[in-house]
Structure formats: C-alpha cells, structure tokens
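Since we're looking at a predicted model, the values are computed, not measured.
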Amino acid sequence: MMNVPSAYWLDKKDKIFGSTTSSMEGILEDALNKPVPELVVFIVYDLPNRDCHAKASNGEICCKYKPDGRCDYQDEADGCKDGLKEYQKEYIDPIAKVLKKYSGRVPVVLVIEPDSLPNLVTNEADPRCGNRGTKNAYENGVSYAVKTLAKADPYAGIYIDAGHGGWLGWKDNMKDFVNQIQRMDVAKDIRGFASNVAGYQYLGEACDTYDYCLGGQHNGDSCCYDPCGLVSEWNPSHNELMYALHLREAMSNGIGGFEPHMIIDTGRNGNPFADKVFYVNPSYKVSLSTSIATASGEVKDTLEAMMNVPSAYWLDKKDKIFGSTTSSMEGILEDALNKPVPELVVFIVYDLPNRDCHAKASNGEICCKYKPDGRCDYQDEADGCKDGLKEYQKEYIDPIAKVLKKYSGRVPVVLVIEPDSLPNLVTNEADPRCGNRGTKNAYENGVSYAVKTLAKADPYAGIYIDAGHGGWLGWKDNMKDFVNQIQRMDVAKDIRGFASNVAGYQYLGEACDTYDYCLGGQHNGDSCCYDPCGLVSEWNPSHNELMYALHLREAMSNGIGGFEPHMIIDTGRNGVADMRTPLCRQTARECC
C-alpha cells in the first residue's frame, strides 16, 4: 500500500495549517512542487456533534459541551448556534484560506462530511441525531462548507457524502435525501456525491436499466448478484454502481438542471474478486460438448449446466504456457483481456519436480532424477534435486512469469501454487519418496521460487499456496508444522493466503462462533459440529472446511507476525452432500 494514493482526513482543526505533509497546507505545497502538480483528495470531517448515531468517530466540536469536554448530543437549546460558529470560523474558514492560496495551482477534490446528511435521513428517531441542534449543525454546517469552499476554489471538485446504497438506496430514503439537498440549495456548487467513504457496500456491476432486479426478475444475471439480500427488501441499489445510477436519476428528476457525478471509495473492497466476472474458458466448453454428444439423461443435463461455469486452468505442463489458443495461458489471458471488461482468470501452477510424491496419481514431467524410461526416481537424493529445480525454474516458472508480466495490471489473475506439495512434506516425511532431501528441496525451494518470481512479475495477482484440507492438516500438530514451513520459506509477504480442497475434498460445512467449539463432544447438537468424517473424535477441530479456514488463519497470524492470510476453498467437488459418509466412517483420514 506504500505507493497507493489515498485521501487525507481533515478531522481536526490542527491538520489545516503547517509545513509538513501531516497538514493540508503542507500537502498542497508538496503536490505543487511535483513536476506536474498532483491531484489531492481531502475529507472535510469535523461537524458539531459529529457521527451522532454510531458515535464511533466523535469530533472536537460540540453543539453543547458537557463538563468533561464531550458532546451533549441531546441538547438543542440554541439550535447549535455556538457550535456552528466554531465550525465555520475555526474550521471551514481556515480551510478556505488555504484552498484559496493554491486555487488553480493544485487540483483538489473535497469530500464533505461523511455520514452526516445520511444520518439525518434515516436516524431522525435517534434523539442524538433528530434534535434541532444536531439537525441545524449538519444541514447548515454542510451548506456553509460547500458554499464557502466553492467560492475559495472554483476549480475544486466538491462531493457531498451520500452514505451507500445499503443505507439510502431505498426509494423513500433517496427521496428524503433529494429533498434535503434541494432544501440546502447546494446543487449548483457541487460536482456530485461520494459513497462508501465511511462504510461499505459491494461494488458490483451496473445493469442496463433501473429497477432491473426488483421482484426477483433476472436473478441469474451477474448484475443482480445481491450478497446483502437488499433486492428482496425492495432496494434497487443492491450494489454501489446501481446506487450511483439510481441516485443520479433521483437527483436529476428532483432538482432541475442537476446532473451529479459520483465517486465511489473502493478502499474497503477487500475481496479482490467481489466486482470481477470470472472467465469461462471456450476450450473447456468444447471439451464438455464432446462429452455431451455421447451422454444422456441426468449426466447430460449436468454437463450442459456446467457449460458456462467458470473454472481454473491447470498449468500442469510446460507446453500449456505459450500459445494463441485458449488451451494456453497466454491465449487465455489475451481472450480475457478482449472481453468488454477484462475477466478474472484462475490458474493452477502445478509442475514441481517429483510431483505428487506420496500418491503418485499425478506424476509430472520434471524429475529430480530421471530413470532410463523417463519416469522419476523419487528416492534419489544425490544432488538435492539441483538439476530438477533448475529445469522447474528456467523452463516452467520463468516462462509463466514472462506471460504474467505481459498482462500485469490489464487482466485480473489468481494463482494457486502447487496443490498437495507442501502438505505432503508435513505429513508424509516417513515416505522415502517424499521425505528424502531431493524431494524436500524441490518442494520447498520450488514453491518459494514460484511465489517470489510470480509476485514480482505481476504485483496485482492474488497468489495462494495450496494447503490441502482440514482432514489433512487440521490437527494442531500438523498445522503447527505447516506454519513453521511457511515461515521458513519466507513467502508470507508475497501471498494473499491459502487454497484448500483443490486436489482433495473435505465437507464444506459451516463455521462455529469460536475455535475448538466442537472438541470433546461439546455442542454435538449444533449444526456447525456436524462431522461426517469423525474428525472431532480424533481431536481435529477442523472437521469441516470453513472451520479449517478459521483455524489456519489463526495459526498463521499467531505464528507469523503481521500475517493475516485469506482463504479460497474449491467447491467444485462438493457434489452431493454426505456422498462419502459411509466410506468416511471406515477410513476417516483417507477419505477426508
């Protein structure tokens, strides 16, 4: 995040004047002295009785002060006369003075008072917000701020905060907000509105028409994806892009000649996949079509249903890297780039020397030592896999890095690194095919090289190391060994987290409220303790994959300072619930 631009919050009076970049004045001077003056974004945020409803960000200016210096939110005696005067003279006027000094010399955007006007729209019943003092402070304060700052710098882009679609998206709320803006007479002085500044709603994608998803119509369209269930509550602004469209329409219909713009803060988006369309590989569809041609009944129906389901592409051979078709990494990325909006592609990086040392079900093409017939001699450890690692690095990872670099920042990419490899070292060291020096060097040094090289080639890529599943590494001793392994390899800073259920399967389940919730037979009746593979009785608290994700994140963050990994869980094998239960009861570990 070191070089990511961000807004500067003017949430105290003492942040206005100064010569350092901890002050508004210092920031503008620094921006002015760049080869080309750079655009600066400020958040104006110091209203009297600030944050009246949540009281999570109480400010320094009050309508009425208590003896201890805090705000008496419910006092409305003088309509906040003194608080407004303090806000205007000691906060807004000084900002205007600095703005005027740099007007026309430094491009500036101002976001005005997050959460303030939305609180008046929806929280009037709260006496801290609905009383005459707070209402006067917010409406008159924002009005004064907008008009004064617009006059001080006519070039500034001024946006009033509009909460988000999960707050003001309902039509009644939006109508009240339009009336509020009209009553304050500020439309002529602002460029538009800002959202998601002090809260968050999923960004999503815009539909072609207003109210497109209401009433359950078009549920299958990606623009109707509704993670917060707002559409069922008759909120057409179920994502932030739809909120922007609806708010603009409401404002332009309600206030003549007003066509507001919108800026959306994406700093809280977090999940890099939330607003992405996943790539569907045409080559995969061709493969399915071949199978469909010879199938019938339920099997045929299932295959047809899979035609447009996005899937990862396995880079399990060197010859799948370069090429122009969608049977190659390069061709896939080019195809994804040429979509109307570049689509997110998931690749499985899977070609380590001595691959799949324990099961040998997916033997690869690179060996630490080749037998005369070209297969791997898994137990040879003479040179620590020196030649095999060199082949892996130069002929496999470096070419992948070359392709990644070509599309870096242009196509969103997720990389899952070497399924089953590191877990095999944790639990199968007694197997001479896995525990020998050659295989161990190949796996740890190979994965480390892959992660660091690919992260450098595409800093935007989401990189996840495979972590088996909870029925493999879920026991605390196993998990501790895995944490030590990741720490020893020094890769935590280059990955976003871990992937599970990629090359094996454990029941997904549901998360319990606390760690170790089901151990010792406690809470057996809770649905989150359902345990088809009998792992809890073996003192494995990761009896389902969601519990594994929670325990793994906790173990990693406790074991590696500053590391808070995310988790992706492959659900492609979920199939039919409990289909493995009888087998699980016989061979718990093998099944799970």
Side-chain angles (χ1 to χ4, degrees), residues 1-12 15 18 20-45 57 102 106-112 114-115 156-159 161 164 191-205 239-241 244 261-276 337 341-342 344-345 401 404-415 451-464 491-497 557 560-566 568:
M1 293 169 66
M2 289 287 282
N3 293 307
V4 176
S6 60
Y8 188 74
W9 287 68
L10 299 173
D11 52 355
K12 292 182 179 178
K15 287 186 173 183
T20 72
T21 52
S22 295
S23 68
M24 178 186 183
E25 189 174 23
I27 289 169
L28 289 172
E29 185 64 30
D30 186 53
L32 176 65
N33 289 318
K34 302 295 183 184
V36 176
E38 296 178 353
L39 185 143
V40 182
V41 181
F42 292 111
I43 312 292
V44 177
Y45 186 55
S57 305
Y102 293 92
V106 179
V108 171
V109 165
L110 303 169
V111 175
I112 307 298
D115 288 358
I158 299 178
Y159 297 80
D161 183 82
H164 54 72
R191 179 169 167 78
F193 300 95
S195 75
N196 269 4
V197 176
Y200 173 70
Q201 173 173 262
Y202 166 70
L203 186 66
E205 59 182 278
N239 70 51
E240 214 56 13
L241 290 179
H261 297 263
M262 192 92 176
I263 53 175
I264 301 172
D265 183 350
T266 57
R268 288 181 176 82
N269 279 18
N271 180 357
F273 318 132
D275 61 343
K276 301 293 189 295
L337 176 65
V341 176
L344 186 144
V345 183
L404 267 185
K405 191 171 184 179
K406 177 181 175 183
Y407 293 92
S408 177
R410 304 165 68 205
V411 179
V413 170
V414 166
L415 304 169
V451 166
K452 294 173 183 178
T453 302
L454 302 180
K456 184 177 179 181
D458 185 1
Y460 303 97
I463 299 179
Y464 297 80
V491 291
K493 63 183 181 298
D494 296 305
I495 63 175
R496 181 169 166 81
S557 60
I560 303 174
F563 185 36
E564 296 286 342
H566 297 262
I568 52 176

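Using a 4.5 Å cut-off on side-chain heavy atoms (C-beta onward), D494 and I463 make no contact. Contact of the L241 side chain with the I264 side chain is registered, since non-hydrogen atoms from C-beta on lie closer than 4.5 Å. In this structure, the side chains of Y8 and V40 stay at 4.5 Å or more apart for every pair of heavy atoms. In this structure, I43 and P114 have side chains that are in contact, with non-hydrogen atoms separated by less than 4.5 Å. In this structure, Y102 and L32 have side chains that are in contact, with non-hydrogen atoms separated by less than 4.5 Å. Side-chain contact between Y460 and S408 is present, with at least one heavy-atom pair separated by less than 4.5 Å. Side-chain contact check for L28 versus F42: some heavy-atom pair is nearer than 4.5 Å. With contacts defined as side-chain heavy-atom distances shorter than 4.5 Å, the pair I263/V111 qualifies.
Counting heavy-atom neighbours within 6.0 Å of K456 NZ, excluding the residue itself, gives a total of 12 or less.
Note that CG of N196 and CE of M262 are 8.0 Å apart. Values are rounded to the nearest 0.5 Å. Here OG1 of T453 is found 11.5 Å from NZ of K405. Values are rounded to the nearest 0.5 Å. Summarising the geometry, atom OG1 belonging to T20 is positioned 11.0 Å from atom NZ belonging to K15; distances are rounded to the nearest 0.5 Å.
Side-chain N or O atoms of N33 include one that pairs as donor or acceptor with a backbone N or O of E29 at under 3.5 Å. Under the 3.5 Å distance criterion, the side-chain polar atoms of N239 are left unmatched by any main-chain donor or acceptor of Q201. Of the possible polar contacts, one joining the D161 side chain to the D115 backbone as a donor-acceptor pair under 3.5 Å is found.
In terms of heavy-atom proximity, S195 sits nearest to H164 at CB-CA, 4.3 Å. Contact between A194 and V197 at its shortest, heavy atoms only, is CB-CG2, 3.9 Å.
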Checking side chain to side chain contact (heavy atoms under 4.5 Å, CB included) for the pair Y159/V41: CA distance, chi angles, key distance, verdict? CA-CA 11 Å; Y159 297 80; V41 181; over 6 Å; no
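The side-chain contact (heavy atoms from CB on, under 4.5 Å) search around D30 returns T21, K34, not counting sequence neighbours.
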